[in-house]
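Reckoned from all heavy atoms, side chains included, excluding hydrogens, waters and symmetry mates. Sequence lines set the chain letters: A, B, ... in the order given, protein chains first and strands last, and positions in each chain run from 1.
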There are 2 protein chains.
Amino acid sequence: MKYPNTKKLILEKALDYFTQKGYSGASIRQIARAVGIRESAIYNHYKSKEEIFNAILAEFKSRTISKNILSDDLLEELDNPEKFLKDFAKKLVDHWNTEDEKKFIRLLLMEQFTKIGSKELSTTEYLTELRSICKLIFSEMIKNGIIKKLDPNFLADEFTAYLFLLRTEYMSGSNNTAAPRIYELSNRHIEFIWNSIKI
Amino acid sequence: MKYPNTKKLILEKALDYFTQKGYSGASIRQIARAVGIRESAIYNHYKSKEEIFNAILAEFKSRTISKNILSDDLLEELDNPEKFLKDFAKKLVDHWNTEDEKKFIRLLLMEQFTKIGSKELSTTEYLTELRSICKLIFSEMIKNGIIKKLDPNFLADEFTAYLFLLRTEYMSGSNNTAAPRIYELSNRHIEFIWNSIKI
DNA sequence: TATCTTAATGAACGTTTGTTCTTAAGATAA
DNA sequence: TTATCTTAAGAACAAACGTTCATTAAGATA
């Protein structure tokens, strides 16, 4: 009998239960049953429930937005800034709409205040990378004289805030709004921002 | 011996534990100890843990934003729209910065995806009242010809989104940013919005 | 005074929790 | 082949869980 990749499977099922019942509400036995093994077998792979939680966090921390959404063909659109921003936002929405990302934002929202989550989870930290990318983009636009001279950090927040609200409402829970509608809202936001900052 | 208001106290302590450990992570025994009574005494006031949770929700649902932040003296500032919006945002921030409101948003974020919370808790529903107030305000401004003709629903969202991000980051968790700094950020946002929509 | 209601106690219940232990079978390496 | 390593099962553990119970004592009501 081959060894199936139980270790990975435990993480997947644990994430499912953590995001449905919270860390405390999910039990080792339920997770084990979902994996198809006994609860004692779990401990051959992780030495505690907390270690499972931390392993999930480590997996997400190792991922980066940049690689997923700042593709080369996107960067070539920089000469059409409004279209660039729209496509950038669209890629971000797509990324956030991923099944894995949706689960992670749920875990973040649920556990960021608890003892186990407060060490590693915070919305600010989660948005840090996106913020710095946006800041870079707007800084470049200012330098090239295509938008007004405003604080790029502030512009990054204005850009992000609306999308973050979209995400919180339509891309994390049961509120299953269709993707096209989200694109529509996102585009309208970009148009608003663009008309406010363009020279 | 007078009867102390144990019923109310149970709700307060339960909310504390729910927002620190999640609904599942908080136990009747811990809550009872915090109140100063035995766990069995809890059941003289509420017939189950779930009933305590629902009682907390009911208390928050019965409250309304309008009464707290749409005061008469604020409405008299409507002839100075930018100042009005700034003061409106400030009042909202103050309201959100209330100890009770902070606890509730935490409960909302934590339990909105769990079995017990999904029936009654949603970010969209929580923002509904604020949205409709904002919509009313912007509709009025459009009618009076002092701002551009844009979709008032959209303007309400743009107005709300940035403040919601501020709230999520600085007014719900351990990220204890001082109030003056939040006002500052809020004002800059209003100035940005105002310059974008004024005629 | 007698009765009723309220709010508390402490023990007990059956269940579930996270975790540990021993044991065994298949995979791997010598 | 033998020896070792990995992964699983199943029983067991003490602790904690939500809840129920009979009992008690103190105000409220009559």
Using the 3.5 Å cut-off, write out each protein N or O paired with an N or O of nucleotides 10-14 of chain D and the distance between them.
{"unit_1": "D:dG10", "atom_1": "OP2", "unit_2": "A:Arg38", "atom_2": "NE", "d": "3.4"}
{"unit_1": "D:dG10", "atom_1": "OP2", "unit_2": "A:Arg38", "atom_2": "NH2", "d": "3.4"}
{"unit_1": "D:dG10", "atom_1": "N7", "unit_2": "A:Ser40", "atom_2": "OG", "d": "3.1"}
{"unit_1": "D:dG10", "atom_1": "O6", "unit_2": "A:Ser40", "atom_2": "OG", "d": "2.8"}
{"unit_1": "D:dA12", "atom_1": "N6", "unit_2": "A:Arg29", "atom_2": "NH2", "d": "3.4"}

**Request:** Kindly state which residues belonging to residues 17-26 of chain A come within less than 4.0 angstrom of DNA chain D, counting heavy atoms of the residue only, listed by number.
**Result:** none
**Request:** Let me know the distance between CG of B:Asn44 and C1' of D:dA26, rounded to the nearest Å.
**Result:** 14 Å
**Prompt:** When the ring centroid of A:Phe88 is compared with that of A:Phe159, is the distance short of 6.0 Å?
**Reply:** yes
**Request:** Hunt down the Watson-Crick or G-U wobble partner of D:dA30, both distances under 3.5 Å, from any strand shown, or write none.
**Result:** C:dT1
**Message:** Rounded to whole Å, how long is the line connecting atom OH of B:Tyr46 with atom P of D:dT20?
**Reply:** 17 Å
**Value in whole Å for how far the C1' atom of C:dG18 lies from CD of A:Glu51** = 14 Å
**Item:** Sequence-distant partners of A:Lys115, salt bridge (charged side-chain N to carboxylate O under 4.0 Å, His left out), two or more places apart
**Value:** none
**Prompt:** Rounded to whole angstroms, how far apart are CD1 on A:Ile31 and C1' on C:dT19?
**Reply:** 14 Å
**Item:** Whole-Å distance separating the NZ atom of B:Lys49 from the C1' atom of D:dT20
**Value:** 17 Å
**Prompt:** Could B:Glu82 and B:Lys198 be called an ion pair, given the rule that one side-chain N must be under 4.0 Å from one carboxylate O?
**Reply:** no
**Request:** Grab the CD-C1' distance between B:Gln30 and D:dG18 for me, whole Å please.
**Result:** 13 Å
**Request:** Return no unless some side-chain N or O of A:His45 is found under 4.0 Å from OP1 or OP2 of D:dA8.
**Result:** yes
**Asked** Any sub-3.5 Å donor-acceptor pair from B:Thr98's side-chain atoms to B:Asp100's backbone N or O?
**Response** no
**Euclidean distance, atom OH of residue A:Tyr43 to atom C1' of D:dA8 [Å, nearest integer]** = 15 Å
**Request:** Can you figure out which of D:dC17, D:dA8, C:dT19 approaches the side chain of B:Ser27 most closely?
**Result:** D:dC17
**Message:** Ring-plane angle category for A:Phe164 and A:Trp96, please: parallel below 30°, perpendicular beyond 60°, tilted otherwise.
**Reply:** perpendicular
**Asked** For B:Lys7 and C:dT6, what is the distance between atoms NZ and C1' respectively, to the nearest whole Å?
**Response** 12 Å
**Request:** Output the single nucleotide from C:dA8, D:dA8, D:dT19 whose closest atom is nearest the side chain of B:Thr6.
**Result:** C:dA8
**Message:** Would you say NZ of B:Lys135 has more than 12 non-hydrogen atoms from neighbouring residues, nucleotides or ligands within 6.0 angstrom?
**Reply:** no
**Request:** Could you check B:Arg33 against A:Ile37 and say which one's nearest nucleotide on DNA chain D is further toward the 5' end?
**Result:** A:Ile37
**Request:** Output all residues satisfying side chain to side chain donor-acceptor pair (under 3.5 Å) with A:Thr114, sequence neighbours left out; order by chain, then residue number.
**Result:** A:Glu111
Listing, residues 29-41 of chain B side-chain donor-acceptor contacts under 3.5 Å, not counting sequence neighbours, or none:
{"unit_1": "B:Gln30", "atom_1": "OE1", "unit_2": "B:Ser27", "atom_2": "N", "d": "3.2"}

**Request:** Identify, between A:Ile28 and B:Ile42, the residue whose nearest nucleotide on DNA chain C lies closer to the 5' end.
**Result:** B:Ile42
Expected list for residues 13-20 of chain B: side-chain donor-acceptor pairs under 3.5 angstrom, two or more places apart:
{"unit_1": "B:Asp16", "atom_1": "OD1", "unit_2": "B:Lys103", "atom_2": "NZ", "d": "3.0"}
{"unit_1": "B:Thr19", "atom_1": "OG1", "unit_2": "B:Leu15", "atom_2": "O", "d": "2.8"}
{"unit_1": "B:Thr19", "atom_1": "OG1", "unit_2": "B:Asp16", "atom_2": "O", "d": "3.0"}

